[in-house]
Q: 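After the structure tokens below, expect a handful of questions from me.
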Amino acid sequence: MNTTAKLGLKTARDEVLIMTLQGHILEQQARYPQASGTFSWILSALSISAKIIADKVRRARLENVLGSVGTENVQGEMQQKLDVLANEVLLGTLGGREGVAIVASEENEEPVILREDGEGIPRYCVLFDPLDGSSNLDVCGGVGTIFSILAHNGRAARAQDSLLQPGFKQVAAGYVLYGSSTVFVLTIGKGVDMFVLDPGIGAFMRVERHLTIPDGNKTYSVNEGNRKTFPDGFQRYLDWAQSNGYSSRYAGAMVADVHRILLKGGVFLYPATKKAPEGKLRLMYEANPMAMIIEQAGGKAFAAPGQRVMDIQPTAIHQRTPVILGATDQVALVLAHLEKT
Ligand code: AHM
Ligand code: MG
């Protein structure tokens with residue numbers, strides 16, 4: 001083995017394959033000669049937003065923008081100052097893109113209708129959680145942005161009805177993890193690619209193509225503090241897992257937990273609880289985009305046995321759902337315990 005390989009460095013052949021997120025988007029666009037480029041502009045707005053939010057997250061302590069603003073969002077949750085700032089960044093970048101018809105955010109009760117009809121160009125709805133896991137901010141823990149992109153239906157009775165599409169109709173989805181590095185994970189419906197922000201040049205560099213979740217990782221990720229109020233099947237699963245050498249890992253930010261599962265395997269659970277009888281996570285801008293990423297990487301995402309997350313017909317933009325997602329083998333083990341009586 002040569003020194004380059006021993007050190008885990010890239011070979012000369014890899015180096016000719018240097019690709020930024022921007023280049024990747026253009027490469028994908030070139031595969032569809034009829035594409036107008038409006039979709040690529042939306043992804044580029046998300047990339048710019050991610051860089052701005054990453055910078056704000058890094059500087060939060062220095063600029064005294066930690067802590068809450070003293071108001072609650074539509075979910076009845078205390079808004080952090082950075083929740084509000086990240087939301088403004090996304091609204092500001094996406095708002096300027098001709099291809100965006102509607103945006104919907106965890107931080108806004110109502111969707112924002114930007115442009116009503118297509119005027120000959122395809123338009124999209126972008127849904128997002130601007131800063132997921134924001135209670136981790138004060139302790140320098142991982143936080144993230146989650147996004148989902150749907151084709152806009154200009155014929156819907158009311159513009160906002162165009163948003164209420166099941167997850168299998170998503171055109172693209174992804175997340176950004178603001179952790180020890182800033183990572184952008186994207187699917188445009190043909191596998192999952194991963195990019196890392198190079199702070200030296202200010203660009204997201206492609207580091208992985210066609211990620212596949214490994215099987216065989218005996219790790220579950222769940223808030224066990226809620227265990228006593230989980231449905232019985234989850235109790236059975238946790239009893240079984242704990243008797244069978246499983247480890248527990250829980251970041252308290254879905255983006256960080258899902259990212260670990262994408263790379264290492266295991267399963268993420270957020271069941272119904274006494275406090276959140278419908279589950280805590282939001283279907284349209286948390287569960288659906290994560291389900292698309294996980295399934296595109298070969299995993300599975302269910303709300304309950306026989307109920308795939310992405311098949312749920314939404315009835316409200318902020319609706320919640322239980323979530324069981326991760327490597328196919330580990331999800332199957334959870335479902336088997338839920339199905340037992
Ligand atoms: P948020 O969008 O208000 O940050 O809430 C979603 C977060 C997820 O990131 C995480 O998985 C979950 O809430 C953690 O909830 P809990 O503290 O109940 O374990
Ligand atoms: Mg969230």
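The chain is numbered in sequence order, starting from 1. In listed order, ligands and their atoms are each counted from 1. For clarity, every value in this text was computed on a predicted model and none was experimentally measured.
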Q: Heavy-atom contacts under 4.0 Å between Asp129 and ligand 1: side chain, backbone, both, or neither?
A: side chain
Q: Indicate whether the side chain of Ser44 and that of Arg97 have a donor and an acceptor atom separated by less than 3.5 Å.
A: yes
Q: Checking side-chain polar atoms at under 3.5 Å, does Gln242 have a donor or acceptor matched by the opposite partner on Glu224?
A: yes
Q: Go through ligand 1 atom by atom and flag the ones less than 4.0 Å from a non-hydrogen atom of Glu106.
A: 1 (P), 2 (O), 3 (O)
Q: I'd like to check which ligand 1 atoms, numbered from 1 as shown, lie under 4.0 Å from a non-hydrogen atom of Phe268.
A: 11 (O)
Q: Need the ligand 1 atom indices (1-based, order shown) with element for anything under 4.0 Å from a heavy-atom of Ser134.
A: 4 (O)
Q: With a 4.0 Å heavy-atom cut-off (strictly under), which part of Tyr285 contacts ligand 1: side chain, backbone, both or neither?
A: neither
Q: With only distance considered, is Asn226 within less than 3.5 Å of ligand 1 through an N or O on each side?
A: no
Q: Charged N to carboxylate O below 4.0 Å: is that the case for Lys280 and Glu286?
A: no
Q: Could you tell me whether Lys56 and Glu88 make a salt bridge, using a distance below 4.0 angstrom between a side-chain N and a carboxylate O?
A: no
Q: Is Asp257 salt-bridged to Arg260, cutoff N-O under 4.0 Å?
A: yes
Q: So if I count the atoms of ligand 1 from 1 in the order they appear, which ones are less than 4.0 Å from some heavy atom of Glu286?
A: 2 (O), 6 (C)
Q: Going by the order shown, which atoms of ligand 1 are within less than 4.0 Å of some heavy atom of Arg282?
A: 1 (P), 2 (O), 3 (O), 5 (O), 6 (C)
Q: Determine whether the aromatic ring centres of residues Phe39 and Tyr124 are separated by less than 6.0 angstrom.
A: yes
Q: Specify side chain, backbone, both or neither for Asp132, according to which of its non-hydrogen atoms lie closer than 4.0 Å to ligand 1.
A: both
Q: Considering distance alone, does some N or O of Met254 sit under 3.5 Å from an N or O of ligand 1?
A: yes
Q: Please could you name the atoms of ligand 1 that Ala253 approaches to less than 4.0 Å, counting only its heavy atoms?
A: 9 (O)
Q: Look at Arg123 together with Glu98 and state whether they make a salt bridge at an N to O cut-off of under 4.0 Å.
A: yes
Q: Answer yes when Lys218 and Asp329 have at least one side-chain N-carboxylate O distance shorter than 4.0 Å, and no when they do not.
A: no
